[in-house]
2 protein chains.
Amino acid sequence: MRENKPEELTMADIARMAGVSESTVSRALAGSDLVAEKTRKRITELASAAEYTVNEGARSLRLKKTKTIEVVIPIEQHHRHHISDPFFLDMLGALADAIADRDHDMLLSKIPPWATDKRSNALVSGRADGVIIIGQSPRRDQLREFTHAHRRVVVWGAHFDDEDYTIVGSDNHEGGRLAAAHLLSLGRKRIAFLGDVSQPEIKLRHAGYLDALQQAGVAADEGLTFKAPFDSQEAFAAAKILLDKKLEFDAIFAASDVIAMSAISALSNAGMKVPQDVSVVGYDDIVGAAWYSPALTTVSQSIQEGGEALVRSLFARINGEATASVVLPPKLIIRQSCGA
Amino acid sequence: MRENKPEELTMADIARMAGVSESTVSRALAGSDLVAEKTRKRITELASAAEYTVNEGARSLRLKKTKTIEVVIPIEQHHRHHISDPFFLDMLGALADAIADRDHDMLLSKIPPWATDKRSNALVSGRADGVIIIGQSPRRDQLREFTHAHRRVVVWGAHFDDEDYTIVGSDNHEGGRLAAAHLLSLGRKRIAFLGDVSQPEIKLRHAGYLDALQQAGVAADEGLTFKAPFDSQEAFAAAKILLDKKLEFDAIFAASDVIAMSAISALSNAGMKVPQDVSVVGYDDIVGAAWYSPALTTVSQSIQEGGEALVRSLFARINGEATASVVLPPKLIIRQSCGA
DNA sequence: CTGTTAGCGCGTTCAC
DNA sequence: GTGAACGCGCTAACAG
């Protein structure tokens, strides 16, 4: 196996080969017009022939820019079963595109930067120019402290009036309202809510759901709200409780598509039909939603735009500009799980 | 908003504050025992009080090690619909853990390193110490050329005798055999195959399926093999073709769980029951598989171990050790979609 | 045990 | 237009 080691080639080598100084090579490769057109051409050709590439590390050190963005995303493993909501992969894809478009690298981390037990904060250790955090962590205070201490940070999550950092996210309250309103318009009145309201985004979706009920003059039944975590297995369990308690209900608003699917499984195992017996609407519009059986009616978050907005805001902050939070409009996608 | 800028603190600053030389600070922070216990303690405390962190960029330049691993993963968007097989997220999570365990960073890229149109190869531009490539690309020749030119690379994929790079993956042939054998043991004989056999891994699963048929003395019907891509939408369409052609079949072996789920949707839309009318087995054991309705019988790839094996092999190669490819044993997970 | 010196690979003044 | 010198922040070799 032939072993090329072009990585050992340095700018000085190219300079020597071209019979010019390092400075000239540097300028030529940077496309500076301070260098004669013909020498520039000669140098660039020589460099590419030698498969030379500038050492980004050295360049970063000199320029004090790493051209990399850190993305912190809470993909965690639970026992043997992983919580792997497709939402995260979609978001990751969107971010990867937006970051690559700006010619930067993406550093992926599962651990929030304030958890200093492992590697230190990428921002202060000079490994990244900015940080995107997906989701307000369970420890809100730590997130707040971090965003206060560093300006090159944006976060994806729910909007609250008391947060003063830049946050990008969809209008969860409106999303919840849309879902419940749709269910109500179909004549459903006993709508169960499945989702962990201790999470900011879910809390807002729940609030929107309550508002829709109120607007429709339908009394909300506290007993129909289930604090189900974003985990298929436990969502399934929660749905079973709903059934076992023999509560009267004709619809389910699930805080995520994964929860919705798990609930539908539980229902069908119990012999109940969706949408005939109960209507179900999910949240996220993950890929599987359209091809589930029945196809899932759900609230779409336009993750693509979300990722782009996050990256745009972050670069603005890196450039010292002021940024406002952005609220993306959710969209109700009507398919078959509601029967209309 | 108070703006700390600890990132501007340099080692020289700490040295000055402590009244020692930079070298001593460097040694102290590195935990070297060449420095007196008490001065070391004084320095580390001073540093952490000042919220100083070593600049990793400068350190990398000096050490010629970046402590970061590039992961190339083909998460692509198709029109409006993304191909986001949960498999990738699971793999990403496993890799993130294995890489973090070794105190390294993870650079995520969607573009293979040989596509030089955008940023250059992270390996030669000194942004990463090694590369993990998920999946043999459609351009096998480019992958081969790349692996021949660089030694610090491992790839996840299918094993073929003619490949001479280090490859980690599960035994796809055996997986396919397991799935088909299970179906046959249930008395199913007309087993359709749904999967894109132009992909190496799928091709092997198909071969295993054919072997199982032969071992059982059941004639394979070429007409039952469908070249379905790994995309929910198109898998759904493929399943419909199967139905529309009114082919006689009593089972489906799908090359992925996503395909299996799509197929089940198509079947149930057509009024066919799973597993009563047709048995279905998938591949991957993604999270949703267990909570799907019916719960999916599938072949599990133990992605967790796969990720660990990839990283272990890569670090071995980085250290100059020779590495052999590793084949992980797949496991049949029996649930309800086969009726047994 | 500690300080001094040197240089990792590059971009950028400032001369010529 | 081009080159020489300097330094980004750090670690390692060499003295002492």
Side-chain angles (χ1 to χ4, degrees), chain A residues 5-44 46-47 50-67 120-129, chain B residues 5-44 46-47 50-67 120-129:
Chain A
K5 302 199 177 179
E7 51 261 62
E8 295 190 359
L9 228 42
T10 175
M11 196 174 267
D13 296 323
I14 305 296
R16 203 173 309 116
M17 292 160 71
V20 295
S21 72
E22 279 188 66
S23 321
T24 304
V25 175
S26 173
R27 285 191 273 251
L29 263 32
S32 161
D33 49 357
L34 282 173
V35 56
E37 175 57 27
K38 75 168 231 211
T39 54
R40 203 193 63 189
K41 190 161 177 241
R42 187 162 54 89
I43 293 173
T44 48
L46 186 61
E51 293 186 40
Y52 166 76
T53 318
V54 241
N55 180 316
E56 291 290 337
R59 172 174 215 173
S60 297
L61 180 58
R62 178 67 235 243
L63 261 28
K64 296 199 168 193
K65 279 188 196 171
T66 61
K67 296 191 80 165
S120 57
N121 179 343
L123 216 43
V124 333
S125 68
R127 288 174 292 148
D129 294 338
Chain B
K5 303 199 177 179
E7 52 260 61
E8 296 191 359
L9 229 42
T10 174
M11 195 174 267
D13 297 323
I14 305 296
R16 201 172 311 118
M17 292 160 71
V20 295
S21 73
E22 281 187 66
S23 322
T24 304
V25 176
S26 173
R27 285 190 275 250
L29 263 32
S32 161
D33 50 357
L34 282 172
V35 58
E37 175 59 25
K38 73 168 231 206
T39 55
R40 204 193 62 191
K41 192 164 175 236
R42 186 163 55 89
I43 292 173
T44 49
L46 186 62
E51 292 186 41
Y52 166 77
T53 317
V54 187
N55 181 318
E56 291 290 337
R59 171 170 222 193
S60 298
L61 180 58
R62 180 65 234 241
L63 261 27
K64 296 199 168 196
K65 278 187 195 169
T66 61
K67 297 192 80 166
S120 56
N121 179 342
L123 215 44
V124 334
S125 68
R127 288 173 292 148
D129 294 338

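Order of the sequence lines fixes the chain letters, A, B, ..., with proteins taken first and strands second; residue numbering starts at 1 for each chain.
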If you only use heavy atoms from C-beta on, which nucleotide in dT2(C), dT2(D), dG11(C) is closest to the side chain of Val35(A)? dT2(D)
Would one find a side-chain N or O of Thr10(B) under 4.0 angstrom from OP1 or OP2 of dC8(D)? no
Indicate, with a heavy-atom threshold strictly under 4.0 Å, whether Arg59(B) touches base, sugar-phosphate, or nothing. sugar-phosphate
Whole angstroms only, please: what is the CD1-P distance between Ile14(B) and dT2(C)? 17 Å
Is there a residue in residues 37-44 of chain B whose heavy atoms reach under 4.0 Å of DNA chain D, and which residues are they? none
Which nucleotide in the set dT2(D), dC10(D), dT12(C) lies at the smallest distance from any side-chain heavy atom of Leu63(A)? dT12(C)
Taken in chain and number order and not counting sequence neighbours, the residues that satisfy salt bridge (Lys or Arg N to Asp or Glu O under 4.0 Å) with Lys41(A) are Glu45(A)
Applying salt bridge (Lys or Arg N to Asp or Glu O under 4.0 Å), name anything that partners Arg40(B), two or more places apart in sequence or on another chain. Glu37(B)
Heavy atoms, side chains only, cut-off 4.5 Å: are Ile43(B) and Val20(B) in contact? yes
Please list, chain by chain and in numerical order, all residues satisfying side chain to side chain contact (heavy atoms under 4.5 Å, CB included) with Ala58(A), sequence neighbours excluded. Asn55(A), Leu61(B)
Overall bend of the helix from dC1(C)-dG16(D) to dC16(C)-dG1(D) (five pairs an end, 10° steps) is 40°
What's the shortest heavy-atom distance between Gly126(A) and Thr66(A), and which atoms? O-CG2, 3.2 Å
Among all residues two or more places apart in sequence or in another chain, which pass the side chain to side chain donor-acceptor pair (under 3.5 Å) test with Ser21(B)? Thr24(B)
Starting the side chain at C-beta, find the nucleotide from dC10(D), dC10(C), dC8(C) nearest to Leu61(B). dC8(C)
List every contact pair, protein side and nucleotides 13-16 of chain D side both N or O, where the distance is under 3.5 Å.
| unit_1 | atom_1 | unit_2 | atom_2 | d |
| --- | --- | --- | --- | --- |
| dA13(D) | N6 | Arg27(B) | NH1 | 3.3 |

Roughly how far apart are Thr53(A) OG1 and Arg127(B) CZ, rounded to 0.5 Å? 9.0 Å
Would you mind telling me which of dG3(C), dC8(D), dT2(D) lies closest to the side-chain atoms of Ser21(B)? dG3(C)
Could you give the CG-to-C1' distance, from Asp13(A) to dC8(C), as a whole number of Å? 13 Å
Arg16(B) meets the salt bridge (Lys or Arg N to Asp or Glu O under 4.0 Å) criterion, sequence neighbours left out, with Asp13(B)
How many Å lie between NZ on Lys65(B) and P on dC10(D), as a whole number? 18 Å
If you pin Ala58(B) and Leu34(B) to their nearest nucleotides in DNA chain C, which one's is more 5'? Leu34(B)
Taking CG from Asn55(B) and C1' from dG9(D), how many angstroms apart are they, rounded to a whole number? 6 Å
Would you please name every residue forming a salt bridge (Lys or Arg N to Asp or Glu O under 4.0 Å) with Arg59(A), sequence neighbours left out? none
Taking only side-chain nitrogens and oxygens of Lys64(A), does any of them come within less than 4.0 Å of OP1 or OP2 of dG9(D)? yes
Does dC10(D) have OP1 or OP2 under 4.0 Å away from a side-chain N or O of Tyr52(B)? yes
With sequence neighbours left out, the residues meeting side chain to side chain contact (heavy atoms under 4.5 Å, CB included) with Ser26(A) are Met11(A)
Quick one: salt bridge (charged side-chain N to carboxylate O under 4.0 Å, His left out) pairs with a partner in residues 21-36 of chain B, sequence neighbours left out? none
Counting only side-chain heavy atoms from C-beta out, which of dC10(D), dG11(C), dG3(C) sits nearest to Glu22(B)? dC10(D)
Round to a whole Å and report the spacing from CE of Met11(A) to P of dA4(D). 16 Å
Got Val54(B) and Leu29(B) here, is their nearest side-chain heavy-atom distance under 4.5 Å? yes
